[in-house]
Amino acid sequence: MPSADRSQRISTALSAAPFQCSYSSDSVWICVIFFHSLLILLKIPETQHKMLPATFKLCAGISYRHMRNMTGLRKNAMVAINHELNRLAGPGPSNWISQVRRRSSLLSSCIEEKGYSEQEMSYVKQGEDAMQKAISILSEPDGWTVETVAANGDKVLSKVLPDIGKVFKLEVMLEQNPDSLYKELVGNMEQMGEWNPNVKQVKILQKIGQDTMITHEVSAETPGNVVGPRDFVSVRCAKRRGSTCFLAGMSTQHPKMPEQRGVVRAENGPTCIVMKPCGDDPNKTKFTWLLSLDLKGWIPKTIINKVLSQTQVDFANHLRQRMANNVSMEMAHAC
């Protein structure tokens, strides 16, 4: 089949694919049937994909409780799919194979969720709810008031919302691409205390799948100790949607980190960082951070507003410096 015809067929099929998976085994079977049908649609000879149908059936089988407890089965199934897709793609670039691989990754994520405990599923739902609520707030352009604008154009806006209170929104442009920033903020999350003086420590208490984690953060006191140290226990949800990266969160409770004596337990959420490629230059990032905090204690609102808006401006500057240092270290290692 000519590559153009194949691309057209795959685009049409993928656009209609049922990938909003629920937690039922039926949804996994739908995905399996779709992928299997895709091979027929593309008219790929059976000799080139003889392992894929069996592997898809294996993935469907592990959606059932008696099979999903078999050690290593889920991982082996998805590794097998990825191997077969790599072989089909051949040595050159292939957009449709990349699309199928992303969809199979989503299928893997859906399957992995089947083994979660009730408590783990509760954390997953909290994280996803925080992300949906935060994105909904950010998508509403009206009602924002400018709090501060830095000389470099960094801007902090605010809005008062029912049942939430005052939220802050940082809007900046960063010189790095979203993937690099995502790697730093998500992959290296526990290192944040090394480069952000407003944070003493970030510790991951629990990971649930690829997207959800529970963290404990300890903030530093503000200059003059106007606001003393606070700690937070948060559920975080990290996702990619195309070229855009999201990191959302909200306060939660976790048995590994009850409230500590002498430390004020603050609350946050919904919060969300959105990293989107700049339209003029995809190697730059439009960086938006929605911040909602309740610092607790008897602190005047005027002081809280000033502290939170300044915290966001400082964060952007510290992140820029961190990314610049990363580039310098990479160049030094390359020499």
Side-chain angles (χ1 to χ4, degrees), residues 130-131 133-161 164 166-189 191-199 202 217 219-220 222-223 232 234 236-250 268-293 304-328 330:
M131 179 171 291
K133 184 176 292 186
I135 292 175
S136 177
I137 294 171
L138 290 172
S139 64
E140 177 52 60
D142 298 329
W144 294 96
T145 301
V146 175
E147 291 281 338
T148 182
V149 180
N152 61 359
D154 292 358
K155 183 188 301 183
V156 177
L157 305 98
S158 67
K159 177 192 287 192
V160 178
L161 298 172
I164 296 178
K166 194 165 188 176
V167 298
F168 296 82
K169 179 173 65 170
L170 172 72
E171 295 181 341
V172 303
M173 192 68 67
L174 298 177
E175 296 295 321
Q176 293 76 28
N177 61 56
D179 284 342
S180 298
L181 295 166
Y182 185 88
K183 179 180 178 181
E184 181 62 45
L185 295 177
V186 178
N188 300 330
M189 183 179 295
Q191 300 176 19
M192 186 177 293
E194 299 176 5
W195 55 268
N196 186 354
N198 292 323
V199 175
V202 177
E217 311 101 49
S219 68
T222 61
F232 305 83
S234 307
R236 298 178 183 247
C237 179
K239 290 184 180 290
R240 296 172 183 260
R241 290 293 178 265
S243 57
T244 302
C245 303
F246 301 87
L247 176 59
M250 63 180 294
N268 62 40
T271 66
C272 188
I273 290 175
V274 182
M275 294 164 281
K276 185 176 182 179
C278 176
D280 298 333
D281 185 350
N283 289 319
K284 296 182 179 181
T285 299
K286 180 181 179 182
F287 187 99
T288 304
W289 177 19
L290 177 73
L291 177 64
S292 171
L293 288 183
I304 292 177
N305 294 343
K306 184 176 181 179
V307 167
L308 294 183
S309 59
Q310 187 60 48
T311 295
Q312 288 191 295
V313 172
D314 290 344
F315 177 86
N317 291 329
H318 296 317
L319 180 57
R320 285 190 179 98
Q321 186 60 51
R322 171 68 167 190
M323 300 307 294
N325 291 343
N326 288 347
V327 172
S328 298
E330 290 174 1

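The model shown is predicted, which means the values in this text are computed figures rather than measured ones. Basis for what follows: all heavy atoms, side chains included, without hydrogens, waters or symmetry-related copies.
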Heavy-atom closest contact ([X] atom, [Y] atom, distance):
| X | Y | value |
| --- | --- | --- |
| A130 | G249 | CB-O, 3.7 Å |
| M173 | T285 | SD-O, 3.2 Å |
| S139 | P141 | O-CD, 3.2 Å |
| V172 | A316 | CG1-CB, 4.1 Å |
| P282 | N177 | O-CB, 3.9 Å |
| I273 | W289 | CG1-CD1, 3.6 Å |

Could you check whether D281 pairs with K286 (Lys NZ or Arg NE/NH1/NH2 to Asp/Glu carboxylate O, under 4.0 Å)?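 Not counted as a salt bridge, because no side-chain N and carboxylate O are separated by less than 4.0 Å.
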Flag the pair R322 and E184 as a salt bridge only when some basic side-chain nitrogen lies within less than 4.0 angstrom of an acidic carboxylate oxygen.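 Answer for the salt bridge query: yes.
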Non-hydrogen side-chain atoms of [X] and [Y] separated by less than 4.5 Å:
| X | Y | answer |
| --- | --- | --- |
| V274 | F287 | no |
| E175 | N283 | no |
| T244 | P178 | no |
| V186 | R236 | no |
| L319 | L181 | yes |
| L170 | T288 | no |
| V313 | T148 | yes |

For the atom pair [atom1] ([X]) and [atom2] ([Y]), what is the distance rounded to the nearest 0.5 Å?
| X | Y | atom1 | atom2 | result |
| --- | --- | --- | --- | --- |
| F168 | N305 | CZ | CG | 4.0 Å |
| L290 | K159 | CG | NZ | 9.5 Å |
| M323 | N326 | CE | CG | 5.5 Å |
| K239 | F246 | NZ | CZ | 10.5 Å |
| L157 | K155 | CG | NZ | 6.0 Å |
| F315 | R320 | CZ | CZ | 11.0 Å |

Chi angles and distances behind the side-chain contact (heavy atoms from CB on, under 4.5 Å) call for D179, C245: CA-CA 8 Å; D179 284 342; C245 303; 4.3 Å; yes
Cation-pi check, K169 onto W144 ring (under 6.0 Å, within 45° of axis):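 The answer is yes; both the distance and angle limits are met.
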Please determine if R240 forms a cation-pi arrangement with Y182, meaning its NZ or CZ atom is less than 6.0 Å from the six-membered ring centre and no more than 45° off the ring axis.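 Here R240 passes the 6.0 Å and 45° test against Y182.
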Between V167 and L291, is the side-chain contact (heavy atoms from CB on, under 4.5 Å) condition met? List the steps. CA-CA 6 Å; V167 298; L291 177 64; over 6 Å; no
Is it the case that N325 and Q321 place a side-chain donor and acceptor less than 3.5 Å from each other?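 Note: N325 and Q321 side chains meet the donor-acceptor criterion.
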For S234 and N268, does a side-chain donor sit closer than 3.5 Å to a side-chain acceptor?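 N268 and S234 do have a side-chain donor-acceptor pair below 3.5 Å.
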So does K276 have more than 12 non-hydrogen atoms from other groups sitting under 6.0 Å from NZ?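 It does not: K276 NZ has 12 such atoms or fewer within range.
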Report the residues that fulfil side chain to side chain donor-acceptor pair (under 3.5 Å) with S158, sequence neighbours left out, ordered by chain and then residue number.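 S158 satisfies side chain to side chain donor-acceptor pair (under 3.5 Å) with E147 once adjacent residues are dropped.
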Can you list the steps and then say if V156 with V149 is a side-chain contact (heavy atoms from CB on, under 4.5 Å)? CA-CA 6 Å; V156 177; V149 180; over 6 Å; no
